[in-house]
Amino acid sequence: MKSRKVLKVLLLILSVSILIRLFIGEPCTIPSESMYPAILAGDRMWIDYTVYGARLPRRFADIPIVNVFTWIKPLREADQRMDWGYKRLKGKRQPKAGDIAVFESPEFPHPLVVKRIDSVKQENGMNYYYMLGDNRKNSHDSREFGYIPDSLIVGRINVVLYSLHRDRIFPLNIRWNSFLKKIK
């Protein structure tokens, strides 16, 4: 009887976790100095999906926690042949110049990229974004890969959860002045 309650609680926690990761947002760590001085390498940020509207999964590999089953080769191969199409929930607003956005790399399949939207252009009713790093000398951005389509935009970043120096040991590595800091 007690094990059933524990199982129900675990299933509830898993379900809520999946829903948060699909529709609300997720944490990420900034690995480079390309957005310096607004964002530092080592900053732990929150990606907000609700501002632009969460993208719905295109296949099972896009669903957090469920995607572990795609590690099995036959399931992964079957999943790679699926495509449920691009759909996005209604957001609070469209991305605009000045926003710090997270998007899928147009060059590589998996890494997420964080850059500031420099400009927006519309073609045939579709929006395209020119993305630039604040640290222009140390940023791989739209100067190399051009405008990116709306379908690659994942979410917006506007707060540092916490920040850590990469070259110091705990607790000296905590950047206390960056704790829950709003980004401009």
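Only heavy atoms go into these numbers, but all of them, side chains included; no hydrogens, no water, no symmetry mates.
Annotation: Ile169, atom CD1; neighbour count of heavy atoms from other residues, nucleotides and ligands within 6.0 Å does not exceed 12. Environment of OH in Tyr147: crowded, with over 12 heavy atoms of neighbouring residues, nucleotides or ligands closer than 6.0 Å.
Side-chain atoms of Tyr130 and Leu132, non-hydrogen and from C-beta on, do get closer than 4.5 Å to each other. You'll find the side chain of Val102 stays beyond 4.5 Å of the side chain of Val113, heavy atoms only. At a threshold of 4.5 Å between non-hydrogen side-chain atoms, the residues Arg59 and Gln80 count as touching. A 4.5 Å side-chain heavy-atom check between Val154 and Arg55 finds at least one atom pair inside the cut-off. At a threshold of 4.5 Å between non-hydrogen side-chain atoms, the residues Val160 and Trp46 do not count as touching. A heavy-atom distance below 4.5 Å is found between the side chains of Ile39 and Val114.
Residues Ile174 and Leu161 share a single hydrophobic cluster, defined by chaining ILVMFWY side chains whose heavy atoms lie under 4.5 Å apart. No chain of hydrophobic side-chain contacts below 4.5 Å, direct or via other Ile, Leu, Val, Met, Phe, Trp or Tyr residues, connects Ile18 to Leu12. A single hydrophobic cluster is not seen to contain both Leu14 and Val68; linkage of ILVMFWY side chains at heavy-atom distances under 4.5 Å, directly or through other members, places them apart. Linking Ile, Leu, Val, Met, Phe, Trp and Tyr whenever their side-chain heavy atoms come within less than 4.5 Å leaves Ile63 and Tyr86 in two separate clusters. Under a hydrophobic clustering in which Ile, Leu, Val, Met, Phe, Trp and Tyr are joined whenever their side-chain heavy atoms come within less than 4.5 Å, directly or via other members, Tyr52 and Ile148 fall into the same cluster.
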Q: Assess whether side chain to side chain contact (heavy atoms under 4.5 Å, CB included) is satisfied between Met35 and Asn135, documenting all intermediate values.
A: CA-CA 5 Å; Met35 288 301 294; Asn135 185 356; over 6 Å; no
(Q) Would Phe69 and Arg76 count as a side chain to side chain contact (heavy atoms under 4.5 Å, CB included) here? Give the steps. (A) CA-CA 8 Å; Phe69 294 106; Arg76 180 178 55 251; over 6 Å; no
Q | Worked verdict on Arg143 versus Arg136 for side chain to side chain contact (heavy atoms under 4.5 Å, CB included) | A | CA-CA 10 Å; Arg143 294 171 294 174; Arg136 301 288 197 274; 3.8 Å; yes
Q: Any chance you could lay out the side chain to side chain donor-acceptor pair (under 3.5 Å) test for Asn127 and Gln122, step after step, and finish with the verdict?
A: CA-CA 5 Å; Asn127 286 343; Gln122 292 182 332; 3.1 Å; yes
Q) Could you go step by step and tell me if Ile183 and Met45 meet the side chain to side chain contact (heavy atoms under 4.5 Å, CB included) rule? A) CA-CA 10 Å; Ile183 297 185; Met45 315 293 294; 2.9 Å; yes
(Q) Between Arg156 and Asp48, is the salt bridge (charged side-chain N to carboxylate O under 4.0 Å, His left out) condition met? List the steps. (A) CA-CA 5 Å; Arg156 180 175 177 232; Asp48 184 352; over 6 Å; no
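Taking all atoms of both residues into account, the shortest heavy-atom contact from Ser17 to Ile65 is CB-CD1, 4.1 Å. Nearest heavy atoms, Glu123 versus Tyr128: CB-CE1, 4.2 Å. Here the shortest heavy-atom pairing between Gly53 and Arg88 reads O-NH1, 2.7 Å. Among all heavy-atom pairs drawn from Ile100 and Ala38, the shortest one is CD1-CB, 4.5 Å. Here the closest non-hydrogen pair linking Pro95 and Ile117 is CB-CD1, 3.5 Å. Leu22 and Asp62 get closest at one heavy-atom pair: CD2-O, 4.0 Å.
Atom-to-atom distance recorded for Ser34:OG and Met131:CE is 11.0 Å, nearest 0.5 angstrom. Taking OG from Ser32 and NE2 from His140, the interatomic distance works out to 11.5 Å, rounded to the nearest 0.5 Å. Taken to the nearest 0.5 Å, the OH atom of Tyr129 stands 4.5 Å off from the CG atom of Asp150. Taken to the nearest 0.5 Å, the CD1 atom of Ile30 stands 10.0 Å off from the OG atom of Ser163. Residue Tyr162 holds its OH atom at 12.0 Å from CZ of Arg175, rounded to the nearest 0.5 Å. Within the model, atoms CG of Asn138 and CD of Glu33 stand 7.0 Å from one another, a figure rounded to the nearest 0.5 Å.
With sequence neighbours excluded, no residue forms a salt bridge (Lys or Arg N to Asp or Glu O under 4.0 Å) with Glu144.
Using modelled atom types, one side-chain atom of Ser105 and one backbone atom of Phe108 make a donor-acceptor pair closer than 3.5 Å.
In the model, Glu26 has a side-chain atom that pairs as donor or acceptor with a side-chain atom of Tyr49 under 3.5 Å.
Among Lys92, Arg116, Arg93, the one residue that satisfies the salt bridge (charged side-chain N to carboxylate O under 4.0 Å, His left out) test with Asp99 is Arg93.
Both the sub-6.0 Å distance and the 45° axial angle are not jointly satisfied by Lys115 relative to the ring of Phe103.
Here the two rings, on Phe60 and Trp84, have centers that are under 6.0 Å apart.
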